[in-house]
Amino acid sequence: GLENLRKGYRLFGPRRGEQFHLFQELAPGQFPDFDLQNTRLSPKALIYPDKLDAAVTVDSASAELALYREFYALLEKEGVQVIDLLPVLQQNRDKANVYCKTDTHFSPEGLAYFAEAAATAIKKEAWYSSDLARKFDTTSRKVTIIGDLARMAGAETVTEDLELQTVADKEGKAPESDPASPVILLGDSHTLVFSAGGDLHAKGAGLFDHLSAQLGFAVDLLGVEPVGRVTRRVLFAGQRAGQRFVLVGVAEARRSRAG
């Protein structure tokens, strides 16, 4: 149970603030708040609010963006380093589709922004060294997907063509999650899309793969795939021996619309 985990791990969980749930270290005898907490708009809808309705403009999400910024400020106040990709995605939303059209998740182009920003932040850490970095190569591959939004809308004949960048080492093998890695990638299905296969479309081309390639070593992937239309997301991060950086990526993605 939870008390046994306390003996060997530092535990973090959601604690209720005035408006938000914050991930905080749990004190002895303290338990997480398990209430379901939803954002009012997903990150995809913040970037493309004009896709929700013809009457909605790009500026219509300003109030929602302010909530995100407030949330990020609270996280930083608690000592959590925030990598804010919203400005980058807003700036590039018309250069390429940074999110899939028929799926809640980021597109290969959007994923690249996340991987680059995370790798840049990690490489600034004093412990990081490129001396032992492995070489990974990428290969372009075209796939056709039926996104989860299309499936939820009953439009399973609507497909979407994507160009993925598949990651492999010199032996042609994709990175494998490494429990001994100094970096944990912790999050929802955004950490699994294009990596886990099946309904998540492909393997070897997701955030895990690209972050591992940019760092030169495989990270430790702890991803949770949503079950059903709404998922109760409660995540615990335990600091294992030698692990120094926990990258948390969680997005509420159930209020987007295909298109």
Side-chain angles (χ1 to χ4, degrees), residues 12-14 21 23 34 36-48 51 68 71 83 85-86 89 97-118 141 143-153 155-156 158-160 162 164-167 174-177 181 183-213 218-237 246-259:
F12 295 77
H21 273 63
F23 276 87
F34 288 105
L36 181 65
Q37 184 78 0
N38 289 325
T39 54
R40 292 197 289 170
L41 276 180
S42 75
K44 178 179 179 179
L46 291 176
I47 304 304
Y48 293 108
K51 301 295 184 180
Y68 270 74
F71 178 56
I83 303 172
L85 263 291
L86 286 174
L89 298 178
N97 290 315
V98 295
Y99 279 89
C100 295
K101 291 183 176 181
T102 66
D103 196 271
T104 56
H105 301 98
F106 39 48
S107 67
E109 291 82 3
L111 180 153
Y113 290 120
F114 281 85
E116 181 180 3
R141 176 164 64 99
V143 299
T144 299
I145 71 167
I146 299 174
D148 58 353
L149 293 175
R151 292 196 301 271
M152 286 189 287
E156 297 193 9
V158 178
T159 61
E160 182 175 359
L162 301 173
L164 304 178
Q165 299 298 318
T166 303
V167 175
E176 294 183 0
S177 180
S181 175
V183 176
I184 302 175
L185 175 60
L186 173 70
D188 64 5
S189 57
H190 284 73
T191 66
L192 300 174
V193 67
F194 307 130
S195 286
D199 289 343
L200 293 169
H201 312 312
K203 293 185 177 182
L207 178 59
F208 160 76
D209 307 282
H210 282 269
L211 180 58
S212 297
V219 304
D220 185 9
L221 175 60
L222 298 177
V224 179
E225 183 176 359
V227 179
R229 296 181 65 86
V230 179
T231 299
R232 185 185 299 267
R233 298 183 178 96
V234 180
L235 303 174
F236 297 93
V246 180
L247 180 67
V248 181
V250 180
E252 170 57 49
R254 294 298 170 194
R255 301 220 180 173
S256 303
R257 177 185 295 179

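Heavy atoms only: backbone and side chains are in, while hydrogens, waters and symmetry mates are out.
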Restricting to non-hydrogen atoms, name the atom on [X] and the atom on [Y] that form the minimum distance, rounded to 0.1 Å.
X      : Y      : result
Ala115 : His210 : CB-CB, 3.9 Å
Cys100 : Leu162 : SG-CD1, 4.0 Å
Tyr48  : Val98  : OH-N, 3.1 Å
Gly204 : Ala174 : CA-CB, 4.3 Å
Leu164 : Pro108 : CD2-CG, 3.3 Å
Asp209 : Gly206 : OD2-N, 2.8 Å

- Message: Out of the candidates Asn97, Thr144, Thr102, only one should pair with Glu160 under the side chain to side chain donor-acceptor pair (under 3.5 Å) rule; please name it.
- Response: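 The passing option is Thr102.
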
- Message: Would Val193 and Phe106 count as a side-chain contact (heavy atoms from CB on, under 4.5 Å) here? Give the steps.
- Response: CA-CA 9 Å; Val193 67; Phe106 39 48; 3.7 Å; yes

- Partner set under side chain to side chain contact (heavy atoms under 4.5 Å, CB included) for Glu109, not counting sequence neighbours: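 Listed in chain order: Ala96, Ser107.
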
Output the distance between atom [atom1] ([X]) and atom [atom2] ([Y]), rounded to the nearest 0.5 Å.
X      : Y      : atom1 : atom2 : answer
Leu221 : Ser195 : CG    : OG    : 7.0 Å
Leu222 : Leu186 : CG    : CG    : 6.0 Å
Leu211 : Leu185 : CG    : CG    : 6.5 Å
Leu192 : Leu200 : CG    : CG    : 6.0 Å
Thr104 : Lys44  : OG1   : NZ    : 7.0 Å

- Can you list every pair that meets side chain to side chain donor-acceptor pair (under 3.5 Å) and has a residue in residues 199-208, with sequence neighbours left out?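 Checked against side chain to side chain donor-acceptor pair (under 3.5 Å) - neighbours excluded - the pairs reaching residues 199-208 are Asp103-His201.
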
- ring-ring contact (aromatic ring centres under 6.0 Å, His included) against Tyr113, all qualifying residues, sequence neighbours excluded: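 Listed in chain order: nothing, the list is empty.
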
- Message: Applying side-chain contact (heavy atoms from CB on, under 4.5 Å) to Phe208 and Val167, what does each step give before you reach the verdict?
- Response: CA-CA 10 Å; Phe208 160 76; Val167 175; over 6 Å; no

- Query: Is the Tyr99 to His105 ring centre distance short of 6.0 Å?
  - Reply: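 Ring centroids of Tyr99 and His105 are no less than 6.0 Å from each other.
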
- Would you say Ser212's side chain and Val219's backbone share a donor-acceptor pair under 3.5 angstrom?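 Judged by distance alone, yes, a pair lies under 3.5 Å.
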
- Query: Any donor and acceptor pair, going by atom type alone, linking the side chain of Arg151 with main-chain N or O of Ile146 inside 3.5 Å?
  - Reply: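 Here the side-chain-to-backbone pair exists.
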
